[in-house]
Amino acid sequence: MDLRKHLIAGNWKMNGTLDSINEILKIDQLCNGYEVDIALCVPNTIISKTNEAISHKKLVIGAQNCHHDESGAYTGDVSAKMLKDAGAKIIIVGHSERRQAYKETNEIVNKKAVSIIKSDLQTIICIGETEEEKNMGLTNKIVCTQLENSMPSISDENNTVIAYEPIWAIGTGRIPSIREIEVVHKELRSLVSKIKGKDIANKMRILYGGSVKANNAKDIFDLDDVDGALVGGASLNSEEFMGIINVC
Ligand code: 13P
């Protein structure tokens, strides 16, 4: 029996205005009836209106980052509680673009994940190695250290999803070999098992992200330890996104 329902989550990054809600509504209509879970993590500015517009049958709306405190003197930041108020159900943390551009450490990512879980939302914790680290044979070591330190002790299969995103595969059209993805996902699941126990590890979803398209998704989704995808560019277009969901 499959213990894990696949999740296809789109990460819109800094793309999308109120006009884009039409594209989201197409996805909202087309994705009904699919077995998999489907989420779109959109810019904060359109969460509320999008949430008002969707059917709430299958598609859930999420965010891409939050501050780790609930409120306070943090100019320009928003908390998990505020994103929940706007209608977000799931929040990405630790995306490599934030780890790199904003120097977000595992400790900060961990605190953000705690705040999300305490707000009764789900979090997607991202991890992934640089090309240089991959070339030095350090992939497993890097992603395991990231996971061990970014995943809070209160994480379980219901509130946390892990996303393995090799940094060099993001937006480049390049992906690791299927065997490489298999090895990393197996390693991550065995680490979750060591930290959380076998039961949680068997139920926790581990997504792959980085240049996922309809034409490469099948081989990735066929892997036992891959439970869906975190999709960037291809999630901006309803046809491309549905193409991936169809494969899944
Ligand atoms: P692409 O699918 O555009 O490579 O982006 C992946 C990603 O960063 C999702 O979070």
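Each ligand, and each atom within it, is numbered from 1 in the order the structure gives.
Among all non-hydrogen protein atoms, the one lying nearest atom 3 (O) of ligand 1 is Gly233 N, 2.8 Å.
Atoms of ligand 1 lying under 4.0 Å from any heavy atom of Gly210, numbered from 1 in the order shown and given with element: 4 (O), 6 (C). Atoms of ligand 1 found under 4.0 Å from any heavy atom of Leu230 (numbered from 1 in listed order, with element): 9 (C), 10 (O).
The shell of residues lying under 4.0 angstrom from ligand 1, judged by heavy atoms, excludes Lys213. Residue Gly171 places a heavy atom under 4.0 Å from ligand 1. Under a 4.0 angstrom heavy-atom cut-off, Ser211 registers as being in contact with ligand 1.
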I'd like to know whether Lys26 forms a salt bridge (Lys or Arg N to Asp or Glu O under 4.0 Å) with Glu23, so could you lay out the CA-CA distance, the side-chain angles of the two residues, the decisive distance to 0.1 Å, and finally the verdict.
CA-CA 5 Å; Lys26 284 188 208 163; Glu23 200 62 23; 3.3 Å; yes
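The shortest N or O to N or O distance between Gly232 and ligand 1 is under 3.5 Å. The shortest N/O to N/O separation between Glu165 and ligand 1 falls below 3.5 Å. For ligand 1, one of its N or O atoms has an N or O atom of His95 under 3.5 Å away. Polar contact check, Glu97 against ligand 1: no nitrogen or oxygen pair lies under 3.5 Å apart.
Counted within 6.0 Å of CD on Glu35, heavy atoms from surrounding residues, nucleotides or ligands total 12 or fewer; the atom is thus considered open. Applying the 6.0 Å contact sphere to NZ of Lys5 captures more than 12 heavy atoms from other residues, nucleotides or ligands. Annotation: Lys49, atom NZ; neighbour count of heavy atoms from other residues, nucleotides and ligands within 6.0 Å does not exceed 12.
A donor-acceptor contact shorter than 3.5 Å is absent between the side chain of Arg98 and the backbone of Val93.
Contacts between Ile170 and ligand 1 below 4.0 angstrom, taking non-hydrogen atoms only, involve backbone and side chain alike.
Trp168 and Glu129 share a donor-acceptor pair across their side chains, judged by distance under 3.5 Å alone.
Two residues are said to be in side-chain contact when any heavy atoms from C-beta on lie closer than 4.5 Å; Thr139 and Tyr164 meet this criterion.
Taking all atoms of both residues into account, the shortest heavy-atom contact from Leu7 to Ile38 is CD1-N, 4.2 Å.
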